[in-house]
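The residues of the chain are indexed from 1 along the displayed sequence. From a predicted model like this one, the values you see are computed outputs, not experimental measurements. Note that these values count all heavy atoms, side chains included, but never hydrogens, waters or copies made by symmetry.
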Amino acid sequence: MDNKRTIYSRFRDMVEKYPSAPAIIEDDRTLTFSELDAMTDAILAKFYDRRPAFVGIVMHHGAEQIAAMLAVLKSGAAYIPAEPSLPQERIDYMMQTAGVDLIITDNYCRHLKPAQYEMTDRSTPDGVAYVLYTSGTSGKPKGVVVENHSVVNYSEAFEAEFHTGPGDIMLQYSVCSFDIFVEEVYTTLLNGAAVCIPSSPIHNGSLQGLLKFVERHGVTIIDGFPYLIAEMNKLPEIPKSIKLIISGGDVIRGSYITNLRDKGVKIYNTYGPSETTVCSNYFRVDNAEPLDDGTFPVGKAVKGVEVKIMDKDMNELPQGQIGEICIFGEGVSRGYLGNPPEQKNFVTLPDGTRMYRSGDLGYVLPDGNLAFLHRRDNQVMILGKRVEPEEVENVLNTCPEVERGVVRAFLDDNGLHYLTAYIIPKENCKLHDVRKWLADRLTDFMIPEFFIRIHSIPVTKRGKVDVEALPVVMKEGGV
């Protein structure tokens, strides 16, 4: 394997090519590539002789945080990122299960001094770069182990699709424990572009404040969740510097981009689990029509990745047949720390090829693009019949009376499922009309029993619907 296929070695190539180009942009300072590399060495000098294997990074967002990550990578170690705002118990669990040898904090990176001697780059292509903790079926988070070459491959795939380079500026908006952060940081720095980081008050403030920051610094790329894009869609104008909007982490619907289509901005839908290094598929949506359910396809595999639709016996299915989305290629990660039950989803085929079984269902469209349907394990039984809440949600979101809607399944006192719909209504919305819209498109047992009007959809820091924050209508047992 090419020894240059490590995150730090590719970053170092950019330092040599574009030493004076901006790498990190904040409201009160800008660091060039050479300055970011010097900060990286200053942090690395503090632990270089310790030769750790795993390093925790618990820091607020900024240049020092990214320099700390690069320092860990150059040392040949892997980092475990965590937001300081996480519950301490969760941070402790992550660091303990990863067996970290050192934790880097904001205080650790204050009063840095220039490195006194040159430090060797110890990173290797098949060495672990980072561990991201995701939700686990056991109720405890599980760590996804990603290697250097997988991130480099994804950065190359990103450049091949979007042609990023010097002059491009990416907004850094995601939390560090999610793979959109990986996309925001490495697809820019490893291609000579800049990362633009808002302060905490701006990040946690209004959308208008965030977009003023975007306009102030000429941000060209925004990478976010569909809910952020849906909110931007409501605005009469967006900053003219924005050239590309990338949606990931959840389904994007045609109704989310009705106004953005006219702004001359390229908009992409992406798909891919953390286990396959950020994304496996891209699909441009601003010049396309949604599918019948109002959602967009997830497109075709990115460079260095192959995606197939497989049956339960791991045979590839022909076009149009529904099966499990399985992902092959450089993006497939090493697996999980500690060999949890979910490790079985990583499969080594007889020829040595690695495959990840996503647990998602989809099918191939006539034009070769992939359509994502839903999780394989999302089905619930209502009146003895199988129902996919996402299917009901998709139909609800095509209703002209509904701005946005969410459908979730809950259990009654007898342990039977029932559906609740949460609606942000448009003006003059009548429940009768919403029910009729659903009744015209779904069988009667699929229509939610309860409808709740809400002003906004609560989301987690990862941009997913925060089910815990939704009000629940308690239901006694019985039909």
Cationic N near anionic O, under 4.0 Å, D41 to K74: yes
Flag for N148-T124: side-chain donor and acceptor within less than 3.5 Å: no
Rounded distance [0.5 Å steps], CG in L70 versus CG in L36: 5.5 Å
Heavy-atom donor-acceptor pair, N153 side chain to H149 backbone, under 3.5 Å: no
Aromatic plane relationship, F181 with H61 - under 30° parallel, 30 to 60° tilted, over 60° perpendicular: perpendicular
Salt bridge flag under 4.0 Å for residues R404 and E231: yes
Under-4.0 Å salt bridge between R354 and E275: no
Salt bridge R284-E161, side-chain N to carboxylate O under 4.0 Å: no
Minimal non-hydrogen separation, N397 against S255, with atom names: O-OG, 4.2 Å
Test: K243 and D168 ion pair at under 4.0 Å: no
Sidechain-backbone polar pair: R357 side chain, K344 backbone, donor-acceptor under 3.5 Å: no
Separation between OG of S123 and CZ of R10, rounded to the nearest 0.5 Å: 13.5 Å
Nearest atoms (heavy-atom pairs only) where S174 meets F178: OG-CB, 3.8 Å
Minimum-distance pair of heavy atoms, taken over all atoms of M232 and L207: N-CD2, 3.9 Å
Nearest-0.5 Å distance that lies between atom CD in E324 and atom OH in Y356: 9.0 Å
Test item: L73 and T6 side chains (from C-beta on) under 4.5 Å apart, heavy atoms: no
Name of the residue among L317, L370, I322 meeting side chain to side chain contact (heavy atoms under 4.5 Å, CB included) with Y363: I322
Y133-T97 side chain donor-acceptor pair, cut-off 3.5 Å: yes
Y48 six-ring centre to R122 NZ/CZ under 6.0 Å and within 45° of normal: yes
Spacing of CD belonging to E35 relative to OG belonging to S20, to within rounding of 0.5 Å: 8.5 Å
V185 backbone acceptor or donor facing T188 side chain under 3.5 Å: yes
side-chain hydrogen bond (donor to acceptor under 3.5 Å, both in side chains) between Y154 and E330, intermediate numbers included: CA-CA 8 Å; Y154 186 68; E330 279 209 69; over 6 Å; no
N/O donor-acceptor pair under 3.5 Å between E26 side chain and A63 backbone: yes
Nearest heavy-atom neighbours spanning A82 and M95: CB-CE, 4.0 Å
Gap between atom CG of L171 and atom OG1 of T220 - 0.5 Å precision: 10.0 Å
Criterion side-chain hydrogen bond (donor to acceptor under 3.5 Å, both in side chains) on D367 and N369, from CA distance to verdict: CA-CA 6 Å; D367 61 4; N369 285 301; 3.0 Å; yes
Any donor-acceptor N/O pair, K263 side chain to I238 backbone, under 3.5 Å: no
Y130-Y186 aromatic ring centre distance below 6.0 Å: no
Residues E83, R90: salt bridge by 4.0 Å N-O rule: no
Full working for side-chain hydrogen bond (donor to acceptor under 3.5 Å, both in side chains) between Y268 and D223: CA-CA 9 Å; Y268 273 75; D223 191 356; over 6 Å; no
Value rounded to 0.5 Å, distance of CD1 in I222 from CE in M170: 10.0 Å
Passing option when E184 is tested against T187, I180, V182 for side chain to side chain contact (heavy atoms under 4.5 Å, CB included): I180
N269 side chain vs G299 backbone, donor-acceptor pair below 3.5 Å: no
